[in-house]
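What you see is a predicted model, and the numbers here were worked out from it, not measured in a lab. Counting begins at 1 with the first residue of the sequence.
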Amino acid sequence: MKRVSSLPQISACILLILMAGCEIGTNPVILDGSPVSVNLSVNQLTAFFGDSTSVSLSKVLAGLDNEVDSIRLFNITLVIDSTTGMAPDTKLSGLFMLRTNNSGSDTLITMNSTDIRSFATERSIFDPKLADSGFTYRSTAILTLHDLLRQTPQPTVFIAFGGVGSTAPLHFAAHLKLYTQVFTTIQN
């Protein structure tokens, strides 16, 4: 087997590997979709909490003029901001549920005594280290999100969050963010 040794040869090999499987004629432009944020607030004197909101997945396409070929989800992140009056070592047990008008509910995230400090900064829900903290996501809900993003127009999704904290009172905000890539066709 011949060794590739020069920088131009290595660059050409990497380019060929990256292009393999790309349908340049079909999807010539790949753009980052606008991040879609979901913000849930909790201000409870007890240890029980809950909140819900809706978000239109069409926000992914904000500012795009090109004709969309497809959308791909590539990350979901979570940040939990605690506020004054709440114990910093609070642990949460609960669920993030996903629902649309046309479907039943699906559990997106489960927390089982998950320390809120695990999400003091924006963190991917797909981080395998989170399993040690009692945090899991359901792949079926991720597939549901993929399917919803493929619909035209993209539907509105309802997110509900509820459970119990290890301490009271509870004062925090949970911020989910959905990141996508949008494949577009070139307009002539």
Side-chain angles (χ1 to χ4, degrees), residues 32-63 71-149 151 154-181:
D32 286 338
S34 295
V36 175
S37 297
V38 176
N39 301 304
L40 301 160
S41 297
V42 173
N43 287 299
Q44 299 291 329
L45 296 177
T46 66
F48 296 97
F49 65 89
D51 192 20
S52 63
T53 192
S54 63
V55 63
S56 174
L57 293 179
S58 64
K59 289 183 177 183
V60 166
L61 304 177
I71 302 170
R72 184 178 73 110
L73 172 113
F74 75 88
N75 200 4
I76 300 173
T77 62
L78 176 64
V79 176
I80 298 177
D81 299 325
S82 62
T83 59
T84 307
M86 189 169 120
D89 59 347
T90 299
K91 294 175 177 43
L92 301 178
S93 295
L95 303 172
F96 282 88
M97 301 293 292
L98 171 71
R99 183 176 58 82
T100 65
N101 284 332
N102 301 326
S103 70
S105 295
D106 198 358
T107 301
L108 178 62
I109 296 170
T110 301
M111 296 177 140
N112 187 11
S113 293
T114 302
D115 192 326
I116 62 167
R117 292 176 292 193
S118 298
F119 294 97
T121 59
E122 186 176 22
R123 194 159 177 194
S124 174
I125 69 166
F126 305 121
D127 185 342
K129 295 176 187 172
L130 288 173
D132 295 338
S133 68
F135 181 94
T136 57
Y137 69 90
R138 288 197 61 210
S139 56
T140 56
I142 303 304
L143 292 174
T144 298
L145 274 172
H146 274 285
D147 291 342
L148 294 172
L149 285 167
Q151 292 180 17
Q154 291 74 29
T156 295
V157 174
F158 300 93
I159 304 287
F161 178 41
V164 64
S166 62
T167 62
L170 296 175
H171 303 290
F172 66 90
H175 310 280
L176 282 171
K177 198 176 279 188
L178 174 76
Y179 292 93
T180 58
Q181 287 183 322

I want to check something: taking the side chain as every heavy atom from C-beta on, are [X] and [Y] in contact at a cut-off of under 4.5 Å?
X: Thr156; Y: Ser56; answer: yes
X: Val36; Y: Gln154; answer: no
X: Leu176; Y: Val55; answer: no
X: Phe119; Y: Leu92; answer: no
X: Gln151; Y: Asp147; answer: no
X: Arg123; Y: Phe135; answer: no
X: Val38; Y: Val157; answer: no
X: Thr77; Y: Leu178; answer: no

Would you compute the distance between atom [atom1] of [X] and atom [atom2] of [Y] and round it to the nearest 0.5 angstrom?
X: Asn39; Y: Ile159; atom1: CG; atom2: CD1; value: 11.5 Å
X: Ile116; Y: Thr167; atom1: CD1; atom2: OG1; value: 7.5 Å
X: Lys91; Y: Met111; atom1: NZ; atom2: CE; value: 12.5 Å
X: Leu148; Y: Thr100; atom1: CG; atom2: OG1; value: 5.5 Å

Counting only N and O atoms by type, is there a donor-acceptor contact under 3.5 Å from the side chain of [X] to the main-chain atoms of [Y]?
X: Arg138; Y: Asp106; result: no
X: Thr114; Y: Gly134; result: yes
X: Ser166; Y: Thr90; result: no
X: Asp51; Y: Ser41; result: yes
X: Thr144; Y: Thr140; result: yes

Over all atoms of both residues, closest heavy-atom pair of [X] and [Y]:
X: Ile76; Y: Phe126; result: N-CE1, 3.6 Å
X: Ala120; Y: Val79; result: O-CG1, 4.1 Å
X: Ala47; Y: Ala168; result: N-CB, 3.8 Å
X: Met97; Y: Ser105; result: CE-CB, 3.7 Å
X: Lys177; Y: Tyr179; result: CD-OH, 3.0 Å

### Query
With the threshold set at 4.0 Å, does a side-chain nitrogen-carboxylate oxygen contact exist between Asp115 and Arg117?
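Salt bridge: yes.
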### Message
Other residues, nucleotides and ligands only: do more than 12 of their heavy atoms fall within 6.0 Å of CZ on Phe74?
### Response
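Yes, the 6.0 Å shell around CZ holds more than 12 heavy atoms from other groups.
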### Query
Can you check ring-ring contact (aromatic ring centres under 6.0 Å, His included) on Tyr137 and Phe96, steps first, answer last?
CA-CA 9 Å; Tyr137 69 90; Phe96 282 88; over 10 Å; no
### Message
Evaluate Asn112 against Ser93 for side chain to side chain contact (heavy atoms under 4.5 Å, CB included), listing each step before the verdict.
### Response
CA-CA 4 Å; Asn112 187 11; Ser93 295; 4.0 Å; yes
